[in-house]
Amino acid sequence: MRLSILLTLPATLLSLIYAQEQHSYTEHLHLKPLPDNSLYAGFTFTSTTPYTAYASNHFRYFPRSLAQILQYTHTAELHLRFALGRWDEESWGSRPRRGLREGGNGVELWAWMDGAEEGWSDLVNSLSGLFCASLNFVDSGKTTRPVLSFEPEGTLEELQRKRSRTGELRLLHGMLPHEVVCTENLTPFLKLLPCKGKAGISSLLDGHKLFDANWQTMAVDVRPVCTPGGDCILEIEQTVDMVLDIERSMRPRESPIPRPLPIEDVTCDETKGYNGHDTCYPRRPKGETAWSLSSVFGRPIRGSCALGGSEKQEYDITFEVPSERTVEITSETTIPQSTTSSGSRTYRLPQNADFDLNLPHQVLGSSAQASTLEQPPLYASRQLTGHGAERGGMHTLLRNPHPYTQRIVYLESLPWFLRPYMHTLALSGAGKMEKMFYTPLLDRKRGTHLELLIEIQPLSTVELTYDFEKAILRYTEYPPDANRGFDIPAAIIRVLPSSNNSQSKQGSYLRTTSLLLPLPTPDFSMPYNVIILTSTVIALGFGSIFNLLVRRFVLVEEVPGNAIAGVVRRVRDGVARIRGMVKGGGVGRVDNGGGGVVKKGEEVVGGEVRKVDGGGRGGKKDR
Amino acid sequence: MALSARLLALRRSPVLLKLPPYLSALCILVGLGWLLILPLNEYSRQTYISENAILPGQVHTYFGGSEHNVFRAYRQEVYGLSERSDHERIAGLGNVMREQGLKVANQSYSWNVAGEEISGTNVYGLLKGPRADATEAMVLIAAWRNFEGDINYSGVALALTMARYFKRWSIWSKDILILISEDSTYGPEAWVSAYHTTSITPTANRNISSLPIKAGALQGAVALDYPAGPWGQRFDKLDIAYDGINGALPNLDLFNTAVQVASSQMGIGCSLHNLKDHSDSYKDRLKTISKGLITQSVGHATGPHSAFMPYHVDAITLKTIGDGWHDEMTLGRTTESLFRSINNLLEHLHQSFFFYVLMNTNRFVSIGNYLPAAMIIAGSFSISALALWVQSGKPTPSEGAKPMSPGEKRKQPEMAVVKDGKNVALVPKEELEVIERKMFIPAAVVLGVHLAGFIPLYALNHATRSNIPYTFITLTAATLILPQYLARHILSNLPPQHIFIIQSLSLLLLGATLSTLSTLNFSLAFLLGLLCSPLSFVRPLPSLRFSLEQTTRYVSTDDAAGIAANLAVVAPVSALFVAVSPPVVLWVVKGMFFGSGGVEGMLVEMARGWVAQGVWTGAVVWGVWWPAWVVAASVLWSGCWRRPADEV
């Protein structure tokens with residue numbers, strides 16, 4: 001046996017060396033100034049590992065901690081999102097990465113898994129520990145199985161074929177809208193990176209700045225990529241997207257309080273007639289604000305995350321600005337740079353040297369800003385309507401700003417305590433509902449899963465409404481902050497790729513904001529507790545005494561005979577007697593040992609007639 | 001056994017049967033007295049902050065410095081806009097907010113009440129809280145015209161300055177909506193109702209457009225009322241208005257926070273109901289309570305905040321009063337601190353009281369202590385109703401009632417033997433007789449009168465402004481004539497039992513309604529209870545008619561003297577009764593609060609409240625009070641129309 005292992009060892013090593021070419025790590029930072037003094041920063045960290053190495057627990061850049069969880073839970077593809085804030089489509093245009101790396105407010109997780117429910121439960125619990133998030137609360141009530149909303153990004157079929165598994169991979173999806181994403185989630189996120197936030201673009205990721213952003217989302221995506229007939233690699237893509245308010249981010253950390261500026265620093269509109277030494281109509285300063293990477297993020301990029309080795313590694317920054325915009329680079333070494341016609345500049349990060357971008361104050365031509373904004377595929381907003389503790393309504397507006405018909409998938413996963421009235425579901429406006437997948441809720445066990453395939457006419461608005469009822473929770477089901485309301489997860493909208501304009505099979509995604517649903521909440525103050533306690537005590541005391549007083553104990557013989565029951569009993573007794581004779585153990589007498597008290601050899605049966613009639617199912621007593 | 005026997009005996013006790021009117025009177029006196037002891041230290045409490053998360057006045061406020069220059073400029077801007085057309089003004093206000101980076105939208109609304117149109121356009125901006133996830137929001141309101149109809153120059157300018165100042169902070173965990181409504185009553189009403197509905201279907205007398213921009217659930221609203229003109233005016237105190245529609249109140253914590261921030265942190269004195277000088281004496285406390293009672297019982301809006309209450313959004317209005325040394329910056333810092341406190345909230349305001357009576361800015365009575373006042377008064381009607389019910393079940397006193405002529409022999413009442421175990425008793429047969437109560441006619445009368453109550457309600461809410469005084473005069477006349485008609489043609493022909501039942505049913509309904517109402521709107525129930533208190537003691541008045549045979553021949557002096565004596569009773573009682581009739585009381589109220597103008601001012605306000613804001617005070621007046629009065633008046637005057645012969 002041992003010999004055989006020794007023999008196979010060189011082969012394994014060989015395969016590892018061969019596979020090393022497929023280990024890779026790239027970093028990419030995308031910066032784009034947005035209107036309203038905002039800055040979009042998109043960080044992408046991608047590392048790959050060959051599937052064989054993954055299967056044999058050999059990791060180079062791929063985080064081992066995560067890989068082991070995936071192995072243990074048989075997860076083929078994983079998507080995890082931490083999101084905070086709102087993307088402002090009107091000011092900022094379309095979403096970065098077509099919304100593919102974005103999540104609903106809070107935490108969102110979906111995965112294609114090979115195996116049963118336990119795998120999912122293990123997965124959420126392990127991820128909960130790994131990312132310091134309450135993912136373990138994604139229980140069956142919060143898990144849905146979307147049909148149309150998600151497509152695997154990896155080549156799952158190839159993988160299955162390669163692993164010669166026959167079972168189908170299952171998609172499970174869960175959301176935690178109440179989870180507040182914070183630094184405690186960022187730290188484990190950075191720990192998964194090879195440079196752990198110490199070098200490379202990840203050195204810019206500082207909790208203070210990240211969570212002061214107007215919008216931010218962190219994503220972890222693991223997918224298998226197989227070439228047909230060839231090898232499979234496992235790819236992990238970690239992304240952080242954020243929109244920073246430049247002015248706010250540049251405030252020094254020592255005095256972050258936005259005190260009113262000294263009057264000398266406020267630009268006054270001098271065209272106003274009343275402008276004077278004590279009257280100043282504030283005017284927006286013209287042109288672009290001056291900023292630099294180090295002032296916005298608090299520090300420059302600390303060199304590249306060069307890991308050595310022969311593998312493919314890329315570290316670059318794309319800076320999407322109009323070509324007129326002056327960009328100064330502060331670095332000790334010369335930086336290779338390439339500029340596209342539109343003005344986007346790409347820089348390669350230097351090794352072991354700080355890198356900083358510096359943008360001076362500049363007044364740009366008016367055409368420069370507007371052209372850079374791309375129109376989003378769809379505008380969506382969702383609101384709760386109605387007031388009071390009994391009923392409410394959901395109102396979603398979907399607006400197609402494009403001159404062509406779009407098909408979208410609208411996914412809503414609602415908690416069980418929001419009970420939608422499906423007969424009130426109505427789609428009005430220039431749209432058509434093509435398909436509907438609906439899984440009704442089960443109290444405390446399963447939430448509503450509603451998936452709609454909607455076609456929206458060009459340049460039109462569709463209104464989706466339905467009414468719902470608010471369930472009353474049990475006393476212990478209320479969270480400590482019961483009066484805050486209950487979070488309803490965001491609706492996920494997938495805009496399907498149009499056939500003529502096929503970007504990818506994924507299409508693009510957007511998510512509405514999450515909602516806060518006020519439920520009927522009891523007054524949890526002292527009197528309420530007292531009432532509950534005393535009522536319980538009285539009920540217990542009263543119940544037992546009442547039971548004693550009212551319950552009637554009778555002899556079996558006294559029980560009024562029921563025709564059918566009598567026949568049944570006689571037949572059963574007969575059978576028992578015959579069986580007893582066959583066994584030769586004498587005549588056994590069978591009675592229904594329901595409840596009741598047996599004393600002095602008498603046969604006493606629990607008082608209820610029903611029990612006597614339907615008896616015999618309980619224990620048998622042979623005497 | 002002994003106890004039940006004693007109770008049974010008690011049931012027939014003549015003392016007990018005579019007791020109810022006195023008991024009713026006692027209840028009314030106790031109810032009134034209860035209210036009078038509330039201002040005492042022993043029965044009221046110091047206010048306190050119940051919700052720990054609020055931390056009022058714990059933050060340092062930074063509003064000041066160059067913001068003052070900005071404020072002055074905005075005030076000039078607002079003044080400039082006030083001289084332009086409505087359309088330009090809306091656009092101008094929107095522009096200011098848009099320049100600050102807020103999302104701005106307009107909302108137009110119109111109502112058609114009393115043949116007049118109430119219309120306007122609200123302009124509002126949304127400041128997205130950087131830490132917010134669009135689930136919660138708070139509202140800063142500055143109505144363009146304040147409740148008195150003056151242009152709210154400084155209030156609007158301050159709201160705009162605050163918006164610009166708030167925009168730079170990253171601490172907001174809730175979105176902030178800056179609402180500049182057209183007026184102080186209907187603008188906020190239109191806005192908040194549209195905020196909570198998908199789309200309001202336009203009807204003949206309502207057209208409210210939906211809101212294009214919304215945020216999450218509203219957690220609180222603060223309105224600023226500071227009508228100082230473009231050159232400013234310092235103020236002395238902040239008057240805090242807190243009454244909502246239909247007497248709903250905001251959570252006491254919000255009120256307390258405002259008081260605490262203003263008085264402790266900023267050193268601004270606070271007042272209630274425009275009572276500037278409050279010495280915290282018994283008299284001043286009682287005065288504040290009574291002003292509060294009247295405002296709450298009317299149930300109408302008292303400021304821009306009122307419209308928010310029915311939607312369970314706690315709201316208050318800060319109104320500057322007097323001439324002092326506090327300036328707009330102090331008010332700004334108060335607002336800042338107040339918003340920081342609301343921002344601190346983790347849950348919807350729920351911790352403190354929703355039912356309270358305030359007697360000073362720092363003293364209140366909670367529901368457990370004040371509710372009995374209204375309940376006891378409502379109870380007085382129930383007691384009378386029960387007494388009348390019992391009385392209706394007894395046979396008409398045949399012998400005792402008739403004055404005995406001198407020579408007549410007293411007839412022995414028929415006796416019956418009652419055996420109870422070993423005890424044997426002789427009881428007059430009369431006592432044992434059970435009279436069947438004939439319910440149909442009394443029930444029909446009471447029901448009919450209650451249904452008739454919808455006629456004035458409908459008429460007054462659908463008449464045009466020019467018609468409304470005539471409608472009301474007609475109504476007053478009809479109200480006074482209807483009981484006479486009922487008394488003459490229906491009630492005077494009914495046996496006394498029916499009259500007892502009619503009165504009993506009516507009072508029973510009144511008592512039940514008032515006690516229910518007292519939990520919803522204490523003040524209305526209490527005041528209505530007091531106004532209805534004579535209704536418990538109504539008995540048919542002595543007759544003013546000559547007996548049949550006498551009228552045909554001649555009037556005896558005896559009869560004339562008797563009628564004169566009866567008239568001496570009837571006249572003052574009738575006068576008193578007319579004085580407490582709903583229309584007459586409304587005339588008095590009009591005289592007290594609406595000055596010398598026509599009655600239409602008040603009535604149109606009532607109609608507007610009913611149509612636009614859903615104030616149901618009118619429904620209570622015409623649906624509860626009016627029928628109760630009409631029934632009681634009919635019973636009262638039924639005696640006058642009764643022939644003396646009938647009485648025998």
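Note on naming: letters A, B, ... go to the chains in the order of the sequence lines (proteins, then strands), and numbering restarts at 1 for each one.
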*By a 4.5 Å heavy-atom criterion (distance strictly below it), what part of A:D36 contacts chain B: side chain, backbone, both, or neither?*
neither
_Quick check on the interface: out of A:N214, A:I488, A:L261, A:N37, who has the most heavy-atom pairs with chain B under 4.5 Å?_
A:L261
_Point-to-point distance, once rounded to the nearest 0.5 Å, from CD1 of B:I213 to CD of A:E90_ = 6.5 Å
*What are the two closest heavy atoms between B:E99 and A:Y281, and how far apart are they?*
OE1-OH, 3.1 Å
*Look up atom OG in B:S210 and atom NE2 in A:H395, then write down how far apart they are to the nearest 0.5 Å.*
7.5 Å
*Results of ring-ring contact (aromatic ring centres under 6.0 Å, His included) for A:F297 - residues two or more places apart only*: none
*Name the region of B:V96, side chain, backbone, both or neither, that has any atom closer than 4.5 Å to a heavy atom of chain A.*
both
*Heavy-atom proximity to chain B below 4.5 Å, by part of A:Y274*: side chain
_Holding to ring-ring contact (aromatic ring centres under 6.0 Å, His included), I want the full list of residues that pass it with B:Y311, two or more places apart in sequence or in another chain._
A:H387, B:H196
_Straight-line distance of A:K272 NZ to B:E77 CD, nearest 0.5 Å_ = 3.5 Å
*asked:* For A:A83, which atoms come within 4.5 Å of any heavy atom of chain B: side chain, backbone, both, or neither?
replied: neither
*Select one option (side chain, backbone, both, neither) describing which atoms of B:H312 are under 4.5 Å from chain A's heavy atoms.*
neither
*In Å, rounded to the nearest 0.5 Å, how long is the span from NE2 of B:H60 to CD1 of A:I257?*
8.0 Å
*Sort A:P480 into side chain, backbone, both or neither according to what part of it lies under 4.5 angstrom from a heavy atom of chain B.*
backbone
*If you tally heavy-atom pairs under 4.5 Å against chain A, which of B:G65, B:S170, B:P230 wins?*
B:S170
_Polar side chain donor-acceptor pair, B:K214 to A:S381, under 3.5 angstrom_ = no
_Contact class of B:Q351 relative to chain A, heavy atoms under 4.5 angstrom_ = neither
_Taking every non-hydrogen pair under 4.5 Å, which of B:K128, B:H348, B:R75, B:H68 racks up the most with chain A?_
B:K128
_For chain B, the option from A:N275, A:D88, A:D245 that forms the most heavy-atom pairs under 4.5 Å_ = A:D88
*Heavy atoms only, distances under 4.5 angstrom: which of A:D269, A:V180, A:V266, A:T279 has the most pairs with chain B? Name it, please.*
A:T279
_Residue B:R164 versus chain A: region with a heavy atom under 4.5 Å_ = side chain
_To the closest 0.5 Å, what do you measure between CG (B:L349) and CG (A:N483)?_
9.5 Å
_Top contributor to chain A contacts, counting heavy-atom pairs under 4.5 Å, from B:A132, B:G216, B:A217, B:P310_ = B:A132
_Closest heavy-atom pair and its distance - A:P260, B:S66_ = CB-OG, 3.8 Å
*Reported CG-to-CG distance for the pair A:D481 and B:L345, which is rounded to 0.5 angstrom*: 12.0 Å
*Please list, in residue-number order, every residue in residues 513-521 of chain A that has a heavy atom less than 4.5 Å from any heavy atom of chain B; write 'none' if there are none.*
A:T513, A:S514, A:L515, A:L516
*Proximal component of A:D265, with respect to chain B [non-hydrogen, under 4.5 Å]*: neither
*Flag, side chain of B:R168 to backbone of A:R259, donor-acceptor distance under 3.5 Å*: yes
*Sequence-distant partners of B:F71, ring-ring contact (aromatic ring centres under 6.0 Å, His included), two or more places apart*: none
*Quick one: does A:R86's side chain get under 4.5 Å of B:D175's, heavy atoms only?*
yes
*More than 12 heavy atoms from other groups under 6.0 Å of OH on B:Y79*: no
*Shortest non-hydrogen separation from B:L346 to A:R484 and the atoms involved*: O-CG, 3.2 Å
*Could you look at B:K103 and say if it's the side chain, the backbone, both or neither that has a heavy atom under 4.5 Å from chain A?*
side chain
_Under 4.5 Å from a heavy atom of chain B, the part of A:R251 involved_ = side chain
_Partner chain B: residue of A:T385, A:D278, A:I263 with the largest heavy-atom pair count (under 4.5 Å)_ = A:D278
*Contact class of A:P282 relative to chain B, heavy atoms under 4.5 angstrom*: both
